[in-house]
**Q** 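Here it is, the structure in full.
All chains are named by letter (A, B, ...) in the order of the sequence lines, taking the proteins before the strands, and each is independently numbered beginning at 1.
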Amino acid sequence: MPEYSTTSPLPPWLRSDYNGALRAADAGRAVALWGWVASRRDHGGLIFIDLRDYQGIVQLVFNPERDPAAHAVAEKARAEYYLAVKGTVVRRSENTINRELPTGEVEVVVTEAQILASSAPPPFPLVAGSEAASEELRLRYRYLDLRRAEMQSNLRRRHQALRGVRAWLDGQGFVEIETPILWKATPEGARDYLVPSRVNPGKFYALPQSPQLLKQLLMVSGFDRYYQIARCFRDEDLRANRQPEFSQIDIEMTGATVAGITAIAEGMMASAFEYAAGIKLVPPFPRIAYSEAMERFGSDKPDLRFAMELKNLSAAFAGTSFKVFADALGRGDAIYGLALPGACQLSRRELDEMVANMHTQRERGLTWAKATADGNWQGPIARHIGETERARAAAAAGLEPNGTLLLMAGAADEIRPALGDLRLQLAEKFDLRDDALHFLWVVDFPLFEYSAEERRLVSVNHPFTAPHPDDLALLEREPLKVRALAYDMVLNGQEMGGGSIRIHDPELQLLALKLLGFERDEAMRRFGFLIEALNYGAPPHGGIAFGVDRLAMMLCGTESLRDVMAFPKTQKAVDPMSGAPSEVDARQLRELSIKVTL
RNA sequence: GGGGUCGUAGUUCAGCCCGGUUAGAACGCCGGCCUGUCACGUCGGAAGUCGUGGGUUCAAAUCCCAUCGGCCCCGCCA
């Protein structure tokens, strides 16, 4: 049972200093401290307690002869008890200084102490540097997990990044405006989270996947520079870097050009890195076309921390007698290769696994050849490939002696992303990445792509993205060739943000929707409010949105979004602490005219 | 929906392949001793539905099947 030394809800005294802030210069001061017991060392006589707050820990000394009452309190204290103490900061004698601690030159000789709150033994250690508890447990007791120095630092750093963002955008004349969380379901994109309307039985709000249309409407209204740290919701399966609710830095501006927006975004990112990490970025960031990114890296968010680019080897294998390759080329498919340096050796078993994974995960064939020291080839296809082809392919792919060449044949759209994935996996395996920050812009995305599943065009970005002015004539004739005025900011293989110039002409917007399969009536039913708004002097505009959580991940160096969010959900979209989502009372359902048919 | 991996004291793990004493260790916890430690030390102690259910077997933490949960990935996610 907890033991209380006071029944008063009011503390006996307030804090004068943070524990972690005390230094040699404070020696001699009388201080009042609050904090958690990080460690207690009972020598029978003297008791030492490390008292922790978010700024760090300081050593308290309890002397049974000088202050028996305070010492008695220290005897009762246990890990994570919350204490209030009064005492004097004293310089430690030379032989007792702790060089490991920022506060290690001093300690606080305690004269008065009270237990403000006792604590059950924590289910896992909260001491910095202690062995990590399982994430399951950490999420169940998230409030304790967040007490740990690492999580404190992550969330505080995230806050600093947002300060940098706000400072920059404010300086550029942007106005922060909130938009509704209860809004309208959208037909394109991710699954919506729905909220039933009690007042309108049978009807539902949707939580916004992003404030996209709302911010465009604000442009029509004349808030010519808008931003918001907006919560967004998407009901899709989770990943290490995907949560069902997440935050975006949402930006929109009137009179936007691609150059204008990317410059604002670069400045904003520089400000965030400066505030959060003291890192000075040097814009402008390089930009490459989507088509080039796919060709060289098999990804629209290339990781430039290492080279090892994909190579088109179709020409090298032209006229090959190897049937698989010859058939592919005959169909108009391509052959791409990825050359591993000689220093990166894969065992036969590892190669077989890669081939098998490619088969099960992507239903694609993968093959390989190993170069010997004298340039010969070994592997399953080696005997099918002639001398001159080997030489041409090796030269084109940059295959070194002792190197390994991974090969795929098929439609470029399919095999390049597959090889791009392998490129990343191999970089991870062989630790090929440098530790610099490689920012870049990927531009000239296609406006549409063909969805085989839906048998229609779908937007690569979203239906409100403006086509490239040079490609307007192609819109109806060859829509797949139309480039979009869209841009993604990429950092080390992660998409940090993306945006576009928007359509501000209602007729062009209707045409774009028509190409996506929304006839005029349907378009008006779904997006009538936008089309109407565009009829009232909508200025040209565009914008961008950044993932706050991913930005925080980069700044904190974490592998998971969950480590930079206070209360994240598990892969099954559950909060182990509260138990959400949960069943609700029958009465609540009745009020909402909802029947559960499980 | 699919693939992989993990699940054993409060915690982190070992044991599992090759079934067989009383399921171990460390940390934590509880108690004793200890006046300069700082992950204090030291002596002693308590602590486990081996995720759950079923099967095989004389015998299951261990083998098989199913199921639940955590994590990673594919699909999905403008």
**Q** Take the protein atom CG of A:Leu137 and the nucleotide atom P of B:C71, then report the distance between them rounded to whole Å.
**A**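 Computing the A:Leu137:CG to B:C71:P distance gives 13 Å.
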**Q** Taking the same atom, C1', in B:U62 and in B:G15, what whole-Å distance lies between them?
**A**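 Nearest-Å result for B:U62 against B:G15 at atom C1': 9 Å.
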**Q** Could you check whether A:Asp488 and A:Tyr290, counting side-chain N and O atoms only, form a donor-acceptor pair closer than 3.5 Å?
**A**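 Checked: A:Tyr290/A:Asp488 side chains show no N/O donor-acceptor pair below 3.5 Å.
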**Q** At less than 3.5 Å, do the side-chain atoms of A:Asp237 and the base atoms of B:G75 form a donor-acceptor pair?
**A**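 For A:Asp237, whose side chain was compared with the base of B:G75, there is a donor-acceptor pair (under 3.5 Å).
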**Q** Applying side-chain hydrogen bond (donor to acceptor under 3.5 Å, both in side chains), run through A:Asn19 and A:Asp53 and close with a yes or a no.
**A** CA-CA 6 Å; A:Asn19 303 310; A:Asp53 53 38; 2.9 Å; yes
**Q** Measure from CG on A:Asp145 to P on B:G10 and round the result to the nearest Å.
**A**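 In whole Å, B:G10 P lies 20 Å from A:Asp145 CG.
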**Q** Rounding to a whole Å, what distance do you find between A:Leu238:CG and B:G70:P?
**A**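 Those two atoms, CG and P, are 11 Å apart.
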**Q** Is the phosphate of B:G70 approached by A:Thr570 (side-chain N or O, under 4.0 Å from OP1 or OP2)?
**A**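 Yes, such a contact exists.
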**Q** Tell which nucleotide pairs with B:A14, taking only Watson-Crick or G-U wobble pairs whose two distances are both under 3.5 angstrom.
**A**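 Result: none.
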**Q** Can you measure A:Phe62 atom CZ to B:C40 atom C1' for me and round it to whole angstrom units?
**A**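 Distance, rounded to whole Å: 16 Å.
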**Q** In the structure shown, which nucleotide is the Watson-Crick or G-U wobble counterpart of B:G28, with both distances under 3.5 Å?
**A**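 The answer is none; no pair meets the criterion.
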**Q** Rounded to the Å, how far apart are A:Asn461 CG and B:C77 P?
**A**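 After rounding, the gap between these two atoms is 14 Å.
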**Q** Mind checking the P distance from B:C6 to B:G51? Whole angstroms is fine.
**A**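 About 13 Å, rounded to a whole number of Å.
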**Q** With nearest nucleotides of RNA chain B determined for A:Pro576 and A:Arg550 from heavy-atom distances, which residue corresponds to the more 5′ nucleotide?
**A**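 Result: A:Pro576.
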**Q** Tell which nucleotide pairs with B:G20, taking only Watson-Crick or G-U wobble pairs whose two distances are both under 3.5 angstrom.
**A**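 When the pairing criteria are applied, B:C58 turns out to be the nucleotide that pairs with B:G20.
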**Q** Look at the side chain of A:Arg92 and the base of B:C38, then say whether one donor and one acceptor between them are separated by less than 3.5 Å.
**A**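 Indeed, a donor on one side and an acceptor on the other fall under 3.5 Å apart.
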**Q** When rounded to the nearest Å, what value does the distance between P atoms of B:G32 and B:G53 take?
**A**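 40 Å, rounded to whole Å.
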**Q** If B:C71 has a Watson-Crick or G-U wobble mate with both distances under 3.5 Å, name it; if not, just say none.
**A**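 Pair assignment: B:C71 / B:G4.
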**Q** Do A:Gln571 and A:Arg242 have side-chain atoms, one donor and one acceptor, less than 3.5 Å apart?
**A**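 The answer is no; no qualifying pair exists.
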**Q** Please give the nucleotide sitting opposite B:C40 as a Watson-Crick or G-U wobble pair, both distances under 3.5 Å, or none.
**A**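 Partner of B:C40: none found under 3.5 Å.
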**Q** Tell me what A:Arg140 touches on the nucleic acid: a base, only sugar-phosphate, or nothing, going by heavy atoms under 4.0 Å.
**A**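 Counting heavy atoms under 4.0 Å across all strands, no contact is made by A:Arg140.
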**Q** Counting the atoms with a prime plus P, OP1 and OP2 as sugar-phosphate, which does A:Thr96 contact under 4.0 Å by heavy atoms, base, sugar-phosphate, or nothing?
**A**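 Counting heavy atoms under 4.0 Å across all strands, the contact made by A:Thr96 includes a base.
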**Q** Tell me whether the side-chain N or O atoms of A:Arg242 pair up with the base of B:C76 as donor and acceptor below 3.5 Å, since no angle test is needed here.
**A**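 Present.
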**Q** Among B:G70, B:C72, B:C77, which is the nearest nucleotide to the side chain of A:Arg562?
**A**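 Closest of the options to the side chain of A:Arg562: B:C72.
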**Q** Would you classify A:Arg239 as touching base, sugar-phosphate or nothing, given that sugar-phosphate means primed atoms plus P, OP1 and OP2, and contacts are heavy atoms under 4.0 Å?
**A**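 Touches a base.
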**Q** Under 4.0 Å, heavy atoms only, any strand: does A:Ile47 hit a base, just the sugar-phosphate, or nothing?
**A**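 The answer is nothing, as A:Ile47 stays clear of every strand by at least 4.0 Å.
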**Q** Ring centres of A:Phe464 and A:Phe527 under 6.0 Å apart?
**A**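 Here the rings of A:Phe527 and A:Phe464 have centres that are less than 6.0 Å from each other.
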**Q** Where the side chain of A:Glu236 is concerned, which of B:G70, B:C76, B:A39 is the nearest nucleotide?
**A**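 My answer, after comparing the listed nucleotides, is B:C76.
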**Q** Assess the side chains of A:Gln209 and A:Asp192: does a donor N or O sit below 3.5 Å from an acceptor N or O?
**A**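 A donor-acceptor contact under 3.5 Å links the two side chains.
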**Q** Does B:G70 have OP1 or OP2 under 4.0 Å away from a side-chain N or O of A:Lys572?
**A**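 For B:G70, OP1/OP2 do not have a side-chain N/O of A:Lys572 under 4.0 Å.
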**Q** What is the distance, rounded to the nearest whole Å, between atom NE2 of A:His71 and atom C1' of B:C34?
**A**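 Rounded to whole Å, this separation is 11 Å.
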**Q** Go ahead and name the base partner of B:U52; Watson-Crick or wobble counts if both distances stay under 3.5 Å, otherwise write none.
**A**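 Across all strands, the one nucleotide that pairs with B:U52 is B:A66.
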**Q** For B:U8 and B:A26, measure between their C1' atoms and round to the nearest Å.
**A**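 My reading of the C1' atoms in B:U8 and B:A26 gives 15 Å.
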**Q** NA contact type, A:Ser210, heavy-atom cut-off 4.0 Å: base, sugar-phosphate, or nothing?
**A**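 Base, at least one base atom sits under 4.0 Å.
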**Q** Check whether the side chains of A:Asn461 and A:Ser459 place a donor and an acceptor atom closer than 3.5 Å, and report yes or no.
**A**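 Looking only at side-chain atoms, A:Ser459 and A:Asn461 do not form any donor-acceptor pair under 3.5 Å.
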**Q** With a 6.0 Å cut-off on ring centres, are A:Tyr487 and A:Phe445 close enough?
**A**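 No: the rings miss the under 6.0 Å criterion.
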**Q** Checking contacts here: which listed nucleotide (B:C76, B:C38, B:C40) is nearest the side-chain heavy atoms of A:Glu453?
**A**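 Given the options B:C76, B:C38, B:C40, the side chain of A:Glu453 is closest to B:C76.
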**Q** Quantified in whole Å, what is the P atom distance between nucleotide B:G1 and nucleotide B:A9?
**A**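 Comparing P positions in B:G1 and B:A9 gives a spacing of 30 Å.
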**Q** Look at all strands and tell whether A:Asp42 reaches a base, only sugar-phosphate, or nothing, counting heavy atoms closer than 4.0 Å.
**A**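 Result for A:Asp42 = base.
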**Q** Whole angstrom is fine here: how far is it from CD in A:Glu100 over to P in B:C40?
**A**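 Going from A:Glu100 (CD) to B:C40 (P), I get 13 Å.
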**Q** Take atom P in B:C27 and the same atom in B:A66, then report the distance between them in whole Å.
**A**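 Straight-line distance between the two P atoms is 41 Å.
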**Q** Could you give the distance separating B:C17 and B:C63 at their P atoms, to the nearest angstrom?
**A**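 Approximately 5 Å lies between the P atom of B:C63 and that of B:C17.
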**Q** Quick one: are the ring centres of A:Phe529 and A:Trp183 less than 6.0 Å apart?
**A**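 They qualify: ring centres under 6.0 Å apart.
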**Q** Of the nucleotides B:A39, B:G69, B:U37, which has the atom closest to the A:His43 side chain?
**A**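 In terms of side-chain proximity for A:His43, the closest of B:A39, B:G69, B:U37 is B:U37.
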**Q** May I ask you to check whether A:Ser578 and A:Asp575 show a side-chain donor-acceptor distance below 3.5 Å?
**A**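 Looking only at side-chain atoms, A:Asp575 and A:Ser578 do form a donor-acceptor pair, the distance falling under 3.5 Å.
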**Q** Quick check on B:G28: is either OP1 or OP2 less than 4.0 Å from any side-chain nitrogen or oxygen of A:Arg78?
**A**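 No, because none of the side-chain N or O atoms of A:Arg78 sits under 4.0 Å from OP1 or OP2 of B:G28.
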**Q** Tell me, for nucleotides 2-7 of chain B in 5' to 3' order, what letter each nucleotide earns: B for a base near a protein heavy atom under 4.0 Å, S for only sugar-phosphate near one, - for neither?
**A** ------
**Q** In whole Å, measure the gap between the C1' atoms of B:G7 and B:U12 for me.
**A**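 Their C1' atoms lie roughly 13 Å apart.
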**Q** Return the value, rounded to whole Å, for the distance between atom CZ of A:Arg41 and atom P of B:U37.
**A**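 My rounded result for the distance is 10 Å.
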**Q** Considering every strand and a 4.0 Å limit on heavy-atom distances, what is the contact class for A:Glu107: base, sugar-phosphate, or nothing?
**A**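 The answer is base, as A:Glu107 lies within the cut-off (heavy atoms under 4.0 Å) of a base atom.
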**Q** Out of curiosity, A:Met358 CE to A:Arg364 CZ, how far, rounded to the nearest 0.5 Å?
**A**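 Taking CE in A:Met358 and CZ in A:Arg364, the distance rounds to 9.5 Å.
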**Q** For the base of B:U11 and the side-chain ring of A:Phe124, does the geometry meet a stacking cutoff of under 5.5 Å between centres and under 30° between planes?
**A**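 No, A:Phe124 does not stack on the base of B:U11, since the centre distance and plane angle fail the 5.5 Å and 30° test.
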**Q** When we call it a touch if two heavy atoms are under 4.0 Å apart, what does A:Asp50 touch: a base, just sugar-phosphate, or nothing?
**A**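 Here A:Asp50 touches the backbone only, sparing every base.
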**Q** Ignoring hydrogens and angles, state whether a donor on the side chain of A:Gln248 or A:Ser210 is under 3.5 Å from an acceptor on the partner side chain.
**A**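 A:Gln248 vs A:Ser210: no donor-acceptor pair found between side chains.
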